[in-house]
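Written below as structure tokens is the structure these notes are about.
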Number of protein chains: 2
Amino acid sequence: MDKKQSLDALAALSQETRLDVFRLLVQVGRQGLPAGEIGERLGVRQNTMSANLAILTQAGLIHSVREGRSIRYFANMDGVSGLLGFLMENCCGGAPELCQPVIAKLTCAC
Amino acid sequence: MDKKQSLDALAALSQETRLDVFRLLVQVGRQGLPAGEIGERLGVRQNTMSANLAILTQAGLIHSVREGRSIRYFANMDGVSGLLGFLMENCCGGAPELCQPVIAKLTCAC
DNA sequence: CAAATATATCAATTAATCATGATATATGGA
DNA sequence: TCCATATATCATGATTAATTGATATATTTG
């Protein structure tokens with residue numbers, strides 16, 4: 001991922017509602033959630049949620065498919081992946097043990 | 001890491017200069033860099049850089065030690081690690097292959 | 001085609017953030 | 001103690017972002 005895209009992703013995630021949305025979609029996994037249900041679960045108004053979903057989408061962190069009247073949203077794991085790659089690029093100045101804890105944190109037990 | 005701290009870290013990284021600073025400090029590793037040299041390398045004025053270093057510090061992404069007249073800054077790998085842990089908490093809805101690419105991206109060759 | 005449901009867009013107000021000039025604090029050396 | 005160097009803080013104007021009410025678009029159902 002390039003810098004522009006990384007900045008977009010970080011800005012997208014730096015707002016509470018959007019961070020909540022993203023984590024919710026990460027947790028539900030493959031099945032995703034329709035926009036309306038995301039708004040309900042998080043107690044956010046319809047147009048605010050729509051705008052926030054658009055920002056997350058633009059940032060490459062989520063994607064959606066229409067499903068009848070609803071639109072179902074999913075987390076884009078590739079988005080996080082690319083962001084992390086950019087953050088840790090050429091990391092550690094030759095000291096592997098520096099980034100070890102970061103990697104350890106990510107071996108999720110899913 | 002909790003939500004408040006994660007939001008601080010994401011907001012801190014969502015600004016170009018601060019993202020540059022953090023990546024620079026990740027890349028130089030253990031030796032770190034004095035504030036002045038960070039500013040020089042990135043072409044950022046003294047007071048702007050100072051404010052940005054304070055924001056990154058407050059967010060837990062970097063730390064510093066005084067060294068005579070200078071103050072030397074270092075990346076906090078634990079900060080990234082905690083942030084990732086929070087982002088991916090309870091991830092994938094039972095589908096391990098979803099977060100695999102994220103992990104793969106992070107096995108840095110340092 | 002009309003009504004209902006689900007989501008998106010628009011315009012405007014409010015709020016937060018950024019860079020900057022000026023100045024203050026801290027450290028080291030003469 | 002006085003000066004120079006390195007960094008931090010303060011106040012302000014300018015840009016940017018967030019929320020909201022109103023409205024528009026798309027889809028399904030009758």
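Residue numbers begin at 1 in each chain, while the letters A, B, ... track the order of the sequences.
Between the CZ atom of R72(B) and the CG atom of L25(B) there is a distance of 10.5 Å, given to the nearest 0.5 Å. Atom CD in E16(B) sits 10.0 Å away from atom NZ in K4(A) (nearest 0.5 Å).
For M49(B) and dA19(C), the CE to P distance is 10 Å, given to the nearest whole Å. The distance from atom CG of L53(A) to atom P of dT9(C) is 11 Å, rounded to the nearest whole Å. Summarising the geometry, the separation between CD on E40(A) and C1' on dT7(C) is reported as 13 Å, rounded to the nearest angstrom. Rounded to a whole Å, the CD atom of E16(B) is 18 Å from the P atom of dT15(D). In this structure, CG of N47(B) is placed 10 Å from C1' of dC10(D), rounded to the nearest angstrom. In this structure, the CG atom of L7(A) is 14 Å from the P atom of dT16(D), given to the nearest Å. In this entry the distance linking CG of L33(A) with P of dA6(C) reads 15 Å, nearest Å. One atom, CD1 of I71(B), and another, P of dA26(C), lie 11 Å apart when rounded to the nearest Å.
With a 6.0 Å cutoff to the six-membered ring centre and a 45° limit on the axis angle, R23(A) counts as a cation-pi contact of F86(B).
Within 4.0 Å of R18(A), counting heavy atoms only, lie sugar-phosphate atoms of the nucleic acid but no base atom.
Taking the side chain of Y73(B) as heavy atoms from C-beta on, and the options dT20(D), dA8(D), dC18(C), the nearest nucleotide is dA8(D). Between dT7(D), dT7(C), dA19(C), one nucleotide has an atom nearer to the side chain of S70(A) than all others, and that is dT7(C). Nearest nucleotide to the side chain of R69(A), out of dT29(D), dT20(C), dA8(D): dT29(D). Taking only side-chain atoms of Q15(A), from C-beta outward, the nucleotide of dA18(D), dA4(C), dT20(D) with the closest atom is dA18(D).
In terms of position along DNA chain C, the nucleotide closest to N52(B) lies nearer the 5' end than the nucleotide closest to the other residue of the pair Q46(B) and N52(B). Between I55(A) and G36(B), the one whose closest nucleotide on DNA chain D sits nearer the 5' end is G36(B). Nearest-nucleotide positions on DNA chain D for A51(A) and T48(B) put T48(B) closer to the 5' end.
R45(B) has no side-chain polar atom (N or O) that falls below the 4.0 Å cut-off from OP1 or OP2 of dA19(C). At least one side-chain nitrogen or oxygen of S50(B) sits closer than 4.0 Å to the OP1 or OP2 atom of dA8(D).
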**Request:** Check the pair N76(B), L61(B) against side chain to side chain contact (heavy atoms under 4.5 Å, CB included), reporting the backbone distance first and the verdict last.
**Result:** CA-CA 5 Å; N76(B) 266 353; L61(B) 291 166; 5.5 Å; no
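The neighbour count for Q58(B) CD, taken as heavy atoms of other residues, nucleotides or ligands under 6.0 Å away, does not exceed 12.
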